K.L.:
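Sharing a structure below in structure tokens format, with a few things to ask.
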Amino acid sequence: MTLRSLFPSSVQGGSPALSARLCWMCCGLAAVLLLLVALPSFAAKKKSRRADAPKDKRVYLVHADRLRYDRYVNSEAQILNGKVQFRHSGASLYCDSAYFYEASNSFEAFGHVKMYQGDTLSLFSDYAFYDGNDELAMARYNVQLKNRTTTLYTDSLNFDRIYDNAYFFEGGKMVDGKTTLVSDWGEYNTDTKLAVFNFNVKMRSKDMYLTTDTLYYDTRTSMAEIVGPTDIISGKSHIYSERGYYDTKNDRARLLDRSVMTNQGKTLVGDSVWHDDKTGMSKAYYNVIYVDSVNKNKLTCDYGEYNSETGYAMCTNRAVSIDYSQRDSLFMHADTFKIYTFNINTDSVYRKIHAYNKVRAYRTDVQAVCDSLVYNSLDSCMTMYRDPIVWNHSQQLVGDEIQVFMKDSVVDHAHVIDNAFSVEELNDGECFNQISSKEMFAFFKQGAIDEAQAKENVLIIYYPVDEADSSFVGLNYTETSELRIFMENRKMKKIWMPKAEGTLYPMSQIPPEKKFLPGYAWYDYIRPRNRYDIFNWRAKKKEKKENE
């Protein structure tokens, strides 16, 4: 049975009384079902039955060009034609023709149906049945419900004037300013301005497109409330959320329950995420994870920011940077990380990453600590400032400043600037090879050191090894202006230096004061032991040096 079989489209033929009763029964049942399944939080906001409703419930016929009675056409109704007008409880209704059931206080309206309630609410359709006792209007075909700047379009709408609730159940579209919402069925309260949309919900606002199965919308604030699995496309960003709010007027989102935002290979997740599409700024709170799949790195923290327009990012509170471009991931912790992007949206784009304070880094083969660090992608240089220390297996390297240059995500060369000091632990800490100089260089091939250089005021303590039994020959103390060490398979292949002065002390005759160079310190107690130890900051002790 179709709606057109229930609701006659003309005043000729059929049984109008039976038509009206079936119309009322079917639409009333639909309204009750919709009311029962409406979500509780929306239903709680509905207002109670109007206490000031007029006592006079009669529907008044105000005007008709022609009025007649024909028992063969409709034995229960007065047949009205030409500029028909009714009035009931503060509302006026106009149409081309009508059946007026005075006994049941109701009527059917046909052709250019218009209902006006006050100066802000109007209802238009091709057909309507109105029950004056229940103050219920059931409009069909090309229906428009207008409430100030909001318009609801549908083909089947029931409007309950007592509770100011409009129900649509065969597809509807709401237009609110620059926002359009479409769904299979829903309801809209003309008093509270709240709407609920269900099944195949689609919302479009400017550059934002939202799809879900259930959505609340407040036309007063232009705020959409997300209550289920929802996808949002906003500019270059894609958002997935199951709970949150989207401000369509200001293009802002507040997302909860581990919502996920992605933008050109970058993903931001947090317990809650705030996003402003106009500025491109996003903020995430608690258990935040930021993944850059393009550059193969990851940031975790309890508070983070990211601006897709400027490329600026910041994270703090248990902040960790993870680089997984190599076989072993590098874990780095600092109080705060900041990322600055230059020449964004151009071919010459580059970034600077700042890490401060109390930087600690761990990878299986290398560990490091310093107060602050800067990485510049323009020259792929990472610079460590203020008490930098780097460990590689049994070696320790310190200086006033350490620069590490990368090539294709692999270390290419390193530069230790001022007060450079290299220490290698031997024989479980009983002996140490040492080199001190003004500056040092290290060059790598395929991730392994190939050549090392020390320049200016070079001091060397070296324990040569007897190849026959792998025992130490003695201690070699040398002073020179420059040192070059060539490596192969992580072993020393050749040493070069210009004119040098040195002394070889047998192991049993090493003077205690010659065992350590000036400035020697072994900071093994500071060294990060694993990826979790990067959170445990340990400052340098006031050293009582072993040669004192």
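As a basis for the values below, the full set of heavy atoms in this structure was taken, side chains included, without hydrogen atoms, waters or symmetry mates. All values reported here derive from a predicted model rather than from experimental measurement.
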K.L.:
Validate the cation-pi geometry between R531 and Y362: distance from NZ or CZ to the six-membered ring centre under 6.0 Å, angle to the ring axis within 45°.
P.N.:
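Judged by the rule (NZ or CZ under 6.0 Å from the ring centre, within 45° of its axis), R531 is not positioned above Y362.
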
K.L.:
More than 12 non-hydrogen atoms from neighbouring residues, nucleotides or ligands closer than 6.0 Å to CG on D347, yes or no?
P.N.:
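No, the 6.0 Å shell around CG holds no more than 12 heavy atoms from other groups.
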
K.L.:
After noting the C-alpha distance and the side-chain angles of R386 and D371, does the key distance pass the salt bridge (charged side-chain N to carboxylate O under 4.0 Å, His left out) rule?
P.N.:
CA-CA 5 Å; R386 292 190 60 184; D371 181 72; 3.7 Å; yes

K.L.:
Over 60° means perpendicular and under 30° means parallel, so tell me whether F472 and Y463 are parallel, tilted or perpendicular.
P.N.:
tilted

K.L.:
Using 0.5 Å steps for rounding, measure from the CD1 atom of I485 to the CD atom of Q453.
P.N.:
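Answer for the CD1-CD pair, I485 versus Q453, is 10.0 Å.
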
K.L.:
Report, as yes or no, whether the 6.0 Å neighbourhood of atom CZ on R148 holds more than 12 heavy atoms from other residues, nucleotides or ligands.
P.N.:
no

K.L.:
Do other residues, nucleotides or ligands put more than 12 heavy atoms under 6.0 Å from the CZ atom of R318?
P.N.:
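Not buried by this count: 12 neighbours or fewer within 6.0 Å.
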
K.L.:
Sub-3.5 Å donor-acceptor pair from the side chain of Q434 to the main-chain atoms of L517, do we have one?
P.N.:
yes

K.L.:
Between D176 and S222, is there a side-chain heavy-atom distance shorter than 4.5 Å?
P.N.:
yes

K.L.:
Short question: side chain of H333, backbone of A319 - any donor-acceptor pair under 3.5 Å?
P.N.:
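Here the side-chain-to-backbone pair exists.
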
K.L.:
When you look at Y216 and Y245, which way does the side-chain contact (heavy atoms from CB on, under 4.5 Å) test go after all the steps?
P.N.:
CA-CA 9 Å; Y216 292 173; Y245 302 87; over 6 Å; no

K.L.:
Do we get K514 above Y505's six-membered ring, with its NZ or CZ under 6.0 Å from the centre and within 45° of the axis?
P.N.:
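The answer is no; the distance or angle limit is not met.
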
K.L.:
Does NZ or CZ of K298 come closer than 6.0 Å to the centre of the six-membered ring of Y324, within 45° of the ring's axis?
P.N.:
no

K.L.:
Does the plane of the ring in Y285 sit parallel, tilted or perpendicular to the ring in Y303? Use 30° and 60° as the thresholds.
P.N.:
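Correct class here is tilted.
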
K.L.:
Are any of the side-chain heavy atoms of E456 and S437 separated by less than 4.5 Å?
P.N.:
no

K.L.:
Where is the tightest heavy-atom contact between Y209 and R204, given as atom of each residue plus distance?
P.N.:
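For Y209 versus R204, the nearest heavy atoms are CD1-NH2, 3.2 Å.
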
K.L.:
Determine, step by step, whether Y246 and D251 satisfy the side-chain contact (heavy atoms from CB on, under 4.5 Å) criterion, reporting the C-alpha distance in whole Å, the side-chain angles of both residues, the deciding distance to 0.1 Å, and the verdict.
P.N.:
CA-CA 7 Å; Y246 195 95; D251 292 325; 3.8 Å; yes

K.L.:
Indicate the atoms forming the closest heavy-atom contact of K249 with K206, along with that distance.
P.N.:
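Shortest heavy-atom contact: O-NZ, 3.7 Å.
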
K.L.:
Once you round to the nearest 0.5 Å, how far does CD1 of I534 lie from CD of Q367?
P.N.:
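Separation between the atoms: 11.5 Å.
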
K.L.:
What's the verdict on salt bridge (charged side-chain N to carboxylate O under 4.0 Å, His left out) for D533 and R538, showing C-alpha distance, side-chain angles and the deciding distance?
P.N.:
CA-CA 10 Å; D533 193 33; R538 294 186 288 274; 2.8 Å; yes

K.L.:
So do I226 and R243 actually touch side chain to side chain, heavy atoms under 4.5 Å?
P.N.:
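A side-chain contact under 4.5 Å is absent here.
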
K.L.:
Between N189 and T192, is any side-chain donor less than 3.5 angstrom from a side-chain acceptor?
P.N.:
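Their side chains do contain a donor-acceptor pair, which is all the 3.5 Å distance test asks for.
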
K.L.:
Would you please indicate if the ring centroids of Y340 and Y312 are separated by under 6.0 Å?
P.N.:
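They qualify: ring centres under 6.0 Å apart.
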
K.L.:
For T248 and T179, which I'm curious about, is there any donor-acceptor pair between the side chains at under 3.5 Å?
P.N.:
yes

K.L.:
Please confirm whether the backbone N or O of K193 pairs with a side-chain atom of T219, one donor and one acceptor, at under 3.5 Å?
P.N.:
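Looks like yes, one N/O pair under 3.5 Å.
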
K.L.:
Please assess D524 against R529 for the test salt bridge (charged side-chain N to carboxylate O under 4.0 Å, His left out), listing each intermediate value before the final yes or no.
P.N.:
CA-CA 10 Å; D524 195 56; R529 295 300 174 184; 2.6 Å; yes

K.L.:
Go through the steps to decide whether Y240 and D231 satisfy the test side-chain contact (heavy atoms from CB on, under 4.5 Å), and finish with yes or no.
P.N.:
CA-CA 5 Å; Y240 174 82; D231 288 290; 3.6 Å; yes

K.L.:
Can you find a pair of side-chain heavy atoms, one from E225 and one from V196, that are under 4.5 Å apart?
P.N.:
no

K.L.:
Under 6.0 Å between the ring centres of F342 and Y350?
P.N.:
yes

K.L.:
Using modelled atom types only, decide if a donor and an acceptor are shared between the side chain of T212 and the backbone of P229 within a distance under 3.5 Å.
P.N.:
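Answer holds: yes.
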
K.L.:
Output, in order, the C-alpha distance, side-chain angles, deciding distance and verdict of salt bridge (charged side-chain N to carboxylate O under 4.0 Å, His left out) for R363 and D365.
P.N.:
CA-CA 6 Å; R363 195 170 71 183; D365 58 341; 2.8 Å; yes

K.L.:
With rounding to the nearest 0.5 angstrom, report the CG to CD1 distance, D277 to I233.
P.N.:
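With rounding to 0.5 Å, CG (D277) is 11.0 Å from CD1 (I233).
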
K.L.:
Using atom types as modelled and distance alone, determine if a side-chain donor or acceptor of N307 lies under 3.5 Å from a backbone N or O of T310.
P.N.:
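Checked: pair present.
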
K.L.:
State whether the side chain of Q396 and the backbone N or O of Y523 hold a donor-acceptor pair below 3.5 Å, judged by distance alone.
P.N.:
yes

K.L.:
Test K278 against N250 for side-chain contact (heavy atoms from CB on, under 4.5 Å), laying out the working first.
P.N.:
CA-CA 8 Å; K278 289 183 178 178; N250 298 303; 4.3 Å; yes

K.L.:
To the nearest 0.5 angstrom, please state how far the OG atom of S471 sits from the CG atom of N427.
P.N.:
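CG of N427 is found 10.5 Å from OG of S471.
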
K.L.:
To the nearest 0.5 Å, tell me how far I322 CD1 sits from D292 CG.
P.N.:
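Between atom CD1 of I322 and atom CG of D292 there are 13.0 Å.
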
K.L.:
Can you check whether V458 reaches M497 side chain to side chain, under 4.5 Å on heavy atoms?
P.N.:
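The answer is no, as the side chains (C-beta and beyond) never meet within the 4.5 Å cut-off.
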
K.L.:
Taking everything shown except Y286 itself, do over 12 heavy atoms lie less than 6.0 Å from its OH?
P.N.:
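Not more than 12 within 6.0 Å, no.
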
K.L.:
What's the spacing between Y520 OH and F421 CZ if we round to 0.5 Å?
P.N.:
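With rounding to 0.5 Å, OH (Y520) is 8.0 Å from CZ (F421).
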
K.L.:
Please step through side-chain hydrogen bond (donor to acceptor under 3.5 Å, both in side chains) for the pair Y188 and N147, ending with a clear verdict.
P.N.:
CA-CA 10 Å; Y188 172 58; N147 187 14; 3.1 Å; yes

K.L.:
Determine the minimum heavy-atom distance between A521 and V423, stating which atoms define it.
P.N.:
O-CG2, 4.4 Å

K.L.:
Would a distance-only check, ignoring hydrogens and angles, find a side-chain to backbone donor-acceptor pair under 3.5 Å from N200 to S183?
P.N.:
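No, because the side chain of N200 does not come within donor-acceptor range (under 3.5 Å) of the backbone of S183.
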
K.L.:
Indicate yes or no for a side-chain donor-acceptor contact from S293 to the backbone of G265 under 3.5 Å, with no hydrogens or angles considered.
P.N.:
yes

K.L.:
Do F331 and S321 have side chains that get closer than 4.5 Å, going by heavy atoms?
P.N.:
no

K.L.:
Quick one: are L373 and M332 in side-chain contact, heavy atoms under 4.5 Å?
P.N.:
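They are in contact (side-chain heavy atoms under 4.5 Å apart), so the answer is yes.
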
K.L.:
Please give me the minimum heavy-atom distance between I389 and I526, naming the atom from each residue.
P.N.:
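Result for this residue pair: CD1-CD1, 4.4 Å.
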
K.L.:
Is F486 atom CZ crowded by more than 12 heavy atoms from other residues, nucleotides or ligands, each under 6.0 Å away?
P.N.:
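More than 12 heavy atoms, drawn from other residues, nucleotides or ligands, come within 6.0 Å of this atom.
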
K.L.:
Which heavy-atom pair separates G474 from P464 by the least distance, and what is that distance?
P.N.:
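Smallest heavy-atom distance, with atoms named: O-CD, 3.3 Å.
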
K.L.:
Could you pull out the closest heavy-atom pair between K338 and Y356, with the gap in Å?
P.N.:
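In this case the closest contact between K338 and Y356 is CE-OH, 3.1 Å.
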
K.L.:
Side-chain contact test, heavy atoms from C-beta onward, threshold under 4.5 Å: evaluate it for V294 versus Q264 and give yes or no.
P.N.:
no

